[in-house]
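So you know, we letter chains A, B, ... as the sequences are listed, proteins then strands, and number each from 1.
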Protein chains: 2
Amino acid sequence: MTTMKDVAKLAKVSDATVSRVFSDPDAVSDKTKQIVLDAADELNYELNVLARNLRKMKTEIIMVILPDISNPFFSKIVRGIESVAMENNYKILLGDTKNDLVLEKEYLKNLDQKYADGVISLTARIDSKLIREISEKYNMVLACEYIDEASVPTVSIDNVEGAYKATKHLINLGHKRIAHISGPKNVILSQDRLKGYKKALSDHNIKIDGDLINEGDFGYKSGYKNMSKLLKLDKAPTAVFADSDQMAIGAIKAIKSHGLKVPDDFAVVGFDNIEIASIYEPSLTTVCQPMYEIGVKAMQLLLDILEKKERENIKIKLESKLIIRDSCGYKNN
Amino acid sequence: MTTMKDVAKLAKVSDATVSRVFSDPDAVSDKTKQIVLDAADELNYELNVLARNLRKMKTEIIMVILPDISNPFFSKIVRGIESVAMENNYKILLGDTKNDLVLEKEYLKNLDQKYADGVISLTARIDSKLIREISEKYNMVLACEYIDEASVPTVSIDNVEGAYKATKHLINLGHKRIAHISGPKNVILSQDRLKGYKKALSDHNIKIDGDLINEGDFGYKSGYKNMSKLLKLDKAPTAVFADSDQMAIGAIKAIKSHGLKVPDDFAVVGFDNIEIASIYEPSLTTVCQPMYEIGVKAMQLLLDILEKKERENIKIKLESKLIIRDSCGYKNN
DNA sequence: CTGTTAGCGCATTCAG
DNA sequence: CTGAATGCGCTAACAG
């Protein structure tokens, strides 16, 4: 293996100068720079990042913790993160928790060992006290999910508002019995969306019926199962608002199996606007989260924190938007 | 920051002993081990991975290079990789090339800098000579895609055979004019699937018609566009075999827009068996690739290479399977 | 602008 | 089983 020493010897300069050529080129005269570069080239020299990491006590690696990388919602966010990370010479270490709280904690511990300079977590299901502690000790940004603690920098949409828009849309179309398939109840964003759903109903003088509220897990199957249950109700709903597009699509499948047509007999609204939402038939009316942008902003925020070395208790709220497609039908239709 | 030195001082042992407690516990007596552990605990000591990495000249990080992490096909493979990696204390560094050859090369260069101990590449579009070179110099496994060079360890299915099965299925259902929407032609697996498609036709005395063969890029939109073209042909096809489920779904959408029904008027076969294939309506007949298993095997193979320090020119072939669902109809229907 | 000096925190010899 | 000594390859102070 060739080291800076070797290059220095060949170029007849000190190894400090070689180091400067690679880490702070402007500090070296053009002439010696060229000599060093040539020597490095001749020896096929490559910088050893390991040594630099130790010396600088940083890795230029960001850990991204998420529940499931094969969920398109999360992977889109990751792409946003990666694009900004790359521009700034950071790399992404993947922490797929498989929805496992133990793993979530374990990944967070990697920070202690200096594996990564910071974390972006797309999940926050471990107790919020622990998250706050970690965010105080290390460089951390929470995205999508968030916790009540004021001190953790967060990038997300307003979930109450998003759910409100979705529900109101169904109300405007004339629906009175509107079901809700929520995400896991221990996740705060599910709680918020439930709030938005309830508020929309209340605001329009529709009584909230607990039977119409089911808890899912964001996946296709859970949408199917929960919708099947809802359809068996004595007073079955005529519309459903699901907390993810995948559950919405699962729900549509259940509705079709039940012999009903979407949107003719039943209206469905999803959440997220993942790619398949526009491809599926009927195409899905859904609350669009700017996934890529969430990733971008989260990484930018983390970079700020990394550079200023001070945590800023920033909460960035991005806009969600109701995208109207075919799964609800249209007024006066 | 607390170091081994601090722990050593508190425990009244040498720092070498502290090191042994964490890297080779059996080499230390139970008694001193306990003393050290207690001291470490008291000081909240955490091993500094950076220093260890430099000393051992390894990172326990594997880089995974792929075209697009938000493509469910790749992200499923990543999950397989990660599960094995984790068991063996390796971490995954993400290298999303965005289908960009320049990035593909750039990521590969990270190996030179010792960012990662090895690579698993799910893409091989840069020239094969370079890939062979890299694989000879470093620890590398190719998965899914592969190149002709005999020397690169590879995990994949038999694409010729998979395509053959798909095409033959359509032939068995009575179709004579069978279109093919292929992946990018510069990718060897596309070439292989084209071979399988052609062979199936030839074996059943159906003339190959170049007009029926279109090149796509694996995405939804490209399936839609290519199918739209095919439907405008004077002698339009009655069935299509697409190189990805996403293109197949795009094709179905085009067929429906054209006023035809799937499977009644038109049969469609996809490739991969991603999750949406079974959810979409009509559910998709497709060639199933064992994505998770590909990831698992690829990581296992890489571990072998890493441990034995010798490249083994292994080609692992996994089974593909035709999954029959609703998008082609059924015989005597 | 460049060289000298001194470690970063750990793992590995080699003695004992 | 344990300690002392050494250096992985690089960067950062400090002089000059």
Mind calculating the distance between NZ (A:Lys9) and C1' (D:dG9) to the nearest angstrom? 15 Å
Send over the distance from B:Lys58 NZ to D:dG9 P, rounded to a whole Å. 16 Å
The complete set of salt bridge (Lys or Arg N to Asp or Glu O under 4.0 Å) pairs with one or both residues in residues 290-300 of chain B, sequence neighbours excluded, reads none
Would you mind listing every ring pair (Phe, Tyr, Trp, His ring centres under 6.0 Å) that reaches into residues 84-119 of chain B, with sequence neighbours excluded? none
Distance under 4.0 Å to a non-hydrogen atom of chain B counts as contact; along DNA chain C, which nucleotides mark the start and end? C:dG9 to C:dT13
For residues 8-47 of chain B, pull every pair meeting ring pair (Phe, Tyr, Trp, His ring centres under 6.0 Å), keeping only residues two or more places apart or in separate chains. B:Phe22-B:Tyr45
Tell me the interatomic distance from B:Tyr115, atom OH, to D:dG9, atom C1', rounded to whole angstroms. 15 Å
Pairs satisfying ring pair (Phe, Tyr, Trp, His ring centres under 6.0 Å), at least one member in residues 53-73 of chain B, at least two apart: none
For A:Lys9, what residues pass the side chain to side chain contact (heavy atoms under 4.5 Å, CB included) criterion, not counting sequence neighbours? none
Could you list the residues that satisfy side-chain hydrogen bond (donor to acceptor under 3.5 Å, both in side chains) with B:Glu46, not counting sequence neighbours? none
Does A:Glu42 have any side chain to side chain contact (heavy atoms under 4.5 Å, CB included) partners at least two apart in sequence or in another chain, and if so, which? A:Leu10
For B:Leu50 and D:dG9, give me the distance from atom CG to atom P, rounded to whole Å. 16 Å
Interface polar pairs with nucleotides 10-13 of chain D, N/O, under 3.5 angstrom:
residue: D:dC10; atom: OP1; partner: A:Tyr45; partner atom: OH; Å: 2.3
residue: D:dC10; atom: OP1; partner: A:Asn48; partner atom: N; Å: 3.1
residue: D:dC10; atom: OP2; partner: A:Met4; partner atom: N; Å: 2.5
residue: D:dT11; atom: OP2; partner: A:Ser19; partner atom: OG; Å: 2.7
residue: D:dT11; atom: O2; partner: A:Arg55; partner atom: NH1; Å: 2.1
residue: D:dA12; atom: O4'; partner: A:Arg55; partner atom: NH2; Å: 3.4
residue: D:dA13; atom: N6; partner: A:Arg20; partner atom: NH2; Å: 3.2

I need the minimum non-hydrogen distance between A:Asp96 and A:Pro67, along with the two atoms involved. OD1-O, 3.1 Å
For B:Met57 and B:Ser14, find the nucleotide of DNA chain D closest to each by heavy atoms; which residue's nucleotide sits nearer the 5' end? B:Ser14
If the condition is side-chain hydrogen bond (donor to acceptor under 3.5 Å, both in side chains), which residues does B:Ser19 pass it with, not counting sequence neighbours? none
Sorted by chain and number, sequence neighbours left out, side chain to side chain contact (heavy atoms under 4.5 Å, CB included) with A:Ser70 holds for A:Asp68, B:Ser75, B:Lys76, B:Arg79
Drop me the distance from B:Ile92's CD1 to B:Ile81's CD1, to the nearest 0.5 angstrom. 6.0 Å
In degrees, rounded to 10°, what is the bend between the two ends of the helix from C:dC1-D:dG16 to C:dG16-D:dC1, using five pairs at each? 30°
